[in-house]
Undergrad: 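Attaching a single structure in structure tokens format; questions to follow.
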Amino acid sequence: MSDIIRLAAIKKVYDTDAGPVPVLNGLELSIAPGEFVTIMGPSGSGKSTLMNILGCLDTPTSGEYWLDGENVASLDEDRLAEVRSRVLGFVFQGFNLLPRIDLKANVALPLVYQCVAKAKRLQRAITVLERVGLARQVNSLPPKISGGQQQRVAIARALVTQPRVILADEPTGNLDTVTGQEIMTLFQDINKESGVTMIVVTHDARVAHYARRLVYLRDGLITYDGSAADFQEALA
Amino acid sequence: MTLWLSMLGEALQAMSANKLRTFLTALGIIIGAGAVVLMVALGQGTQTAVTKSISALGSNLLIVRSGSAQQGGFRGGAGGLPTLKTSDAQALLDLTSLNTAAPVVQQGAQLVYGPNNWGTQIVGSTDAYLDIRDWTLQSGRPFTDTEMNSGMRVAILGQTVAEQLFGSADPIDQSVRIQKSPYQVIGVLAQKGQSMAGSDQDDTVLIPLVTAQRQLVGSQFKGTVSMIMAKANSAQQLASGEAQIADLLRQRHRIAEGADDDFSVTNMASIASTMAQITGMLSILLGSIAGISLLVGGIGIMNIMMVSVTERTREIGIRMAIGASRKTVLLQFLLEAVIITTTGGLIGILIGVGAALGVQRFGGIAVAITPQPILLAFGVSTLVGLFFGLYPARKASMMKPIEALRYQ
């Protein structure tokens, strides 16, 4: 099992009042360790659902999801929490920092659930904050810093546990173009340095070209899976 | 264990991040716990004060009073006819349940010493009277046998009488006049304070029974006494003492089977236990009112915790996404509730104790601070936190991470 992520015949059906609504229709996807992949698709294509399943925040209706050598498709909530804590790091569109605690405490938060001692937590948090260029703001509160800086904190929080995979959901959606480019460059650098697998969901084609590989989703199926550069040309 | 410590840290951090909310949540418990401690202290203080004033009458005390005399259809009130004789008191001494007995004659009279005079209650009795009433002498000596048997004019003064007649001077061996006859003061009684009914127990003079019968009481009542005070061997023998006295006196007074007693026996212990019951009820009543406020405080906790869980839905989602399991979220919120209630409980206990001491100091009301209500208030606070924190904590832990993250 060399792939870090392998989805096999993943189906997701939501039960609504209007009857079952299929969102993912037997999706197949393999990602090797250290890859940088963007997932694109129009609204309603199922990319959020795919992201939730990849992030172990939701389970598929059927199919297999092999993550780091373990089939996590049918794990219960507590086991999923353990997998999220051990293997995954999240970066959200809205940053999702806790507003009332300072940056180093925010970054150290995932380590709380790995039972790392407090002094060691903060030390590791500060090291990662230095890596994302926020060495001087470790004691600030999130609302006091800019959106780009907040997203850097969120990236630091995702990195602090040294995960195998970082999942970013529209990470530049709330940022201006220049700041968005800086964040994507930071993702690229981290991907190169640490070899962490990077998966970015976006609907912004300019963001997609930071990745080598692009996965395009339509109606719950992958309609394009290949070089990001080729896809750009195809669109043009 | 590390997880517990970590969650404790998270709980404390979340609480200190929103101090006003934490304080408002704790306020209900502070007031509840404070009220429990204060109310029970007041109730128990009253209980102690009442018990003390009853035992000031004398322990294991039985009082025999003359009953009403019945002539034809006419019934006099209690003590209307002096049916008790000195010899009755003597006979009571042979009863096995009784330790001692003292015949008592009472008469109001005027005392004169130099230019001062003072009207008071004269008690004619024996030395046993002092023993029965647990009354000690502050100075001087009790009656001698000769003084009692031959009816000599000697007197033991109560504190109030001594002060009124002598001021700060020493009354011992001085001579006071009671109804024109001179009496030698041989002793002064120790201070006893107010009785339950509020009368001054120290406003009295004790003289030998025989002297009182000869000098003070009219000749038509010769050899009679107004009451007999008796002391049982122990609290357990009070009831049997009461029965033995009744049997003996019915026999001595030749009262026919079925006829009414011409005397009455009062068991002070039963009055004491009734009073203790009443004041005990008072304690329970006050305590349970305070307990209800503690419960209301707990409901307040649940209310604010529920709001807090909803308000922090997004935070819960974030925590779950970055690795918090249901168990750890549950633990964090439960710990927050328990920390708030235990700290609130402790603060409330301190305030309650302070208020109780303040009431005692400035309100002049007796309070009794005992460990039981304090431990109770603390224990209940903790339980309230656990109980009312559990539901909101469970609600938080059962959230689905995606939905919680999407919550605005």
Side-chain angles (χ1 to χ4, degrees), chain A residues 14 48-49 51-53 55-59 75-102 105-122 141-142 154 156-161 163 166-167 169, chain B residues 1-23 25 307-336 393-408:
Chain A
Y14 286 112
S48 290
T49 304
M51 190 69 180
N52 288 336
I53 289 172
C56 294
L57 294 168
D58 203 355
T59 49
L75 294 183
D76 64 29
E77 194 56 53
D78 278 340
R79 297 288 309 282
L80 286 177
E82 189 271 323
V83 171
R84 287 197 294 268
S85 172
R86 182 167 48 84
V87 186
L88 300 172
F90 287 91
V91 178
F92 304 95
Q93 178 176 0
F95 322 134
N96 278 344
L97 302 175
L98 299 188
R100 289 175 188 277
I101 59 176
D102 63 25
N106 259 290
V107 173
L109 200 56
L111 297 175
V112 168
Y113 302 107
Q114 294 187 349
C115 297
V116 178
K118 188 171 185 184
K120 206 169 173 194
R121 287 206 297 264
L122 292 178
L141 291 176
R157 185 179 64 186
L159 279 174
V160 78
T161 56
I166 287 180
L167 292 160
D169 188 4
Chain B
M1 199 60 223
T2 329
L3 180 71
W4 276 76
L5 277 177
S6 300
M7 284 308 107
L8 192 68
E10 284 306 299
L12 287 173
Q13 196 173 45
M15 285 164 61
S16 66
N18 201 334
K19 293 189 183 67
L20 182 65
R21 183 176 65 201
T22 308
F23 171 72
T25 315
V307 174
S308 164
V309 164
T310 310
E311 191 186 287
R312 288 160 71 185
T313 299
R314 205 176 167 79
E315 176 193 329
I316 295 162
I318 296 168
R319 286 177 182 275
M320 283 179 155
I322 62 175
S325 64
R326 303 206 148 162
K327 200 177 79 182
T328 51
V329 172
L330 182 83
L331 196 58
Q332 182 190 332
F333 277 83
L334 204 53
L335 278 173
E336 275 185 39
R394 220 181 115 69
K395 191 184 163 207
S397 73
M398 294 312 279
M399 282 182 182
K400 285 191 180 301
I402 353 166
E403 283 162 23
L405 274 173
R406 220 180 281 145
Y407 186 86
Q408 290 301 323

Undergrad: What are the residues of residues 323-335 of chain B, in order of number, with any heavy atom under 4.5 angstrom from a heavy atom of chain A?
TA: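 Residues B:Gly323, B:Ala324, B:Ser325, B:Arg326, B:Lys327, B:Thr328, B:Gln332 are the ones that qualify, each having a heavy atom under 4.5 Å from chain A.
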Undergrad: Residues of residues 75-85 of chain A under 4.5 Å from chain B (heavy atom pairs)?
TA: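 Result: A:Glu77, A:Asp78, A:Ala81, A:Arg84, A:Ser85.
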Undergrad: Which value, rounded to the nearest 0.5 Å, describes the distance between A:Asp169 atom CG and B:Leu405 atom CG?
TA: 9.5 Å
Undergrad: Measure A:Leu109 against the heavy atoms of chain B and call it side chain, backbone, both or neither at under 4.5 Å.
TA: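 Contact with chain B: backbone and side chain both.
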Undergrad: Could you tell me if the side chain of A:Val112 sits less than 4.5 Å from the side chain of B:Arg319, heavy atoms only?
TA: no
Undergrad: I need the B:Lys400 NZ to A:Asp58 CG distance, nearest 0.5 Å.
TA: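 Here the interatomic distance stands at 7.5 Å.
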Undergrad: Under the rule for salt bridge (Lys or Arg N to Asp or Glu O under 4.0 Å), what residues qualify as partners of B:Arg312, not counting sequence neighbours?
TA: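 Once residues adjacent in sequence are excluded, the partners of B:Arg312 under the salt bridge (Lys or Arg N to Asp or Glu O under 4.0 Å) criterion are B:Glu315, B:Glu336.
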Undergrad: Sort by residue number and list every member of residues 114-121 of chain A having a non-hydrogen atom under 4.5 Å from chain B.
TA: A:Cys115, A:Arg121
Undergrad: Rounded to the nearest 0.5 Å, how far does CD of B:Glu403 lie from CG of A:Leu57?
TA: 11.5 Å
Undergrad: What part of A:Asn96 is in contact with chain B, defined as an atom under 4.5 angstrom from a non-hydrogen atom: side chain, backbone, both or neither?
TA: both
Undergrad: Can you name the nearest heavy-atom pair linking B:Gln13 to A:Ala105, along with the distance?
TA: NE2-CB, 3.8 Å
Undergrad: Rounded to the nearest 0.5 Å, what separates atom CE in B:Met320 from atom OH in A:Tyr113?
TA: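 It is 9.5 Å, given to the nearest 0.5 Å.
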Undergrad: So what's closer than 4.5 Å to chain B heavy atoms on A:Arg86: side chain, backbone, both or neither?
TA: neither
Undergrad: Less than 4.5 Å to any heavy atom of chain B: does that hold for the side chain of A:Leu88, its backbone, both, or neither?
TA: neither
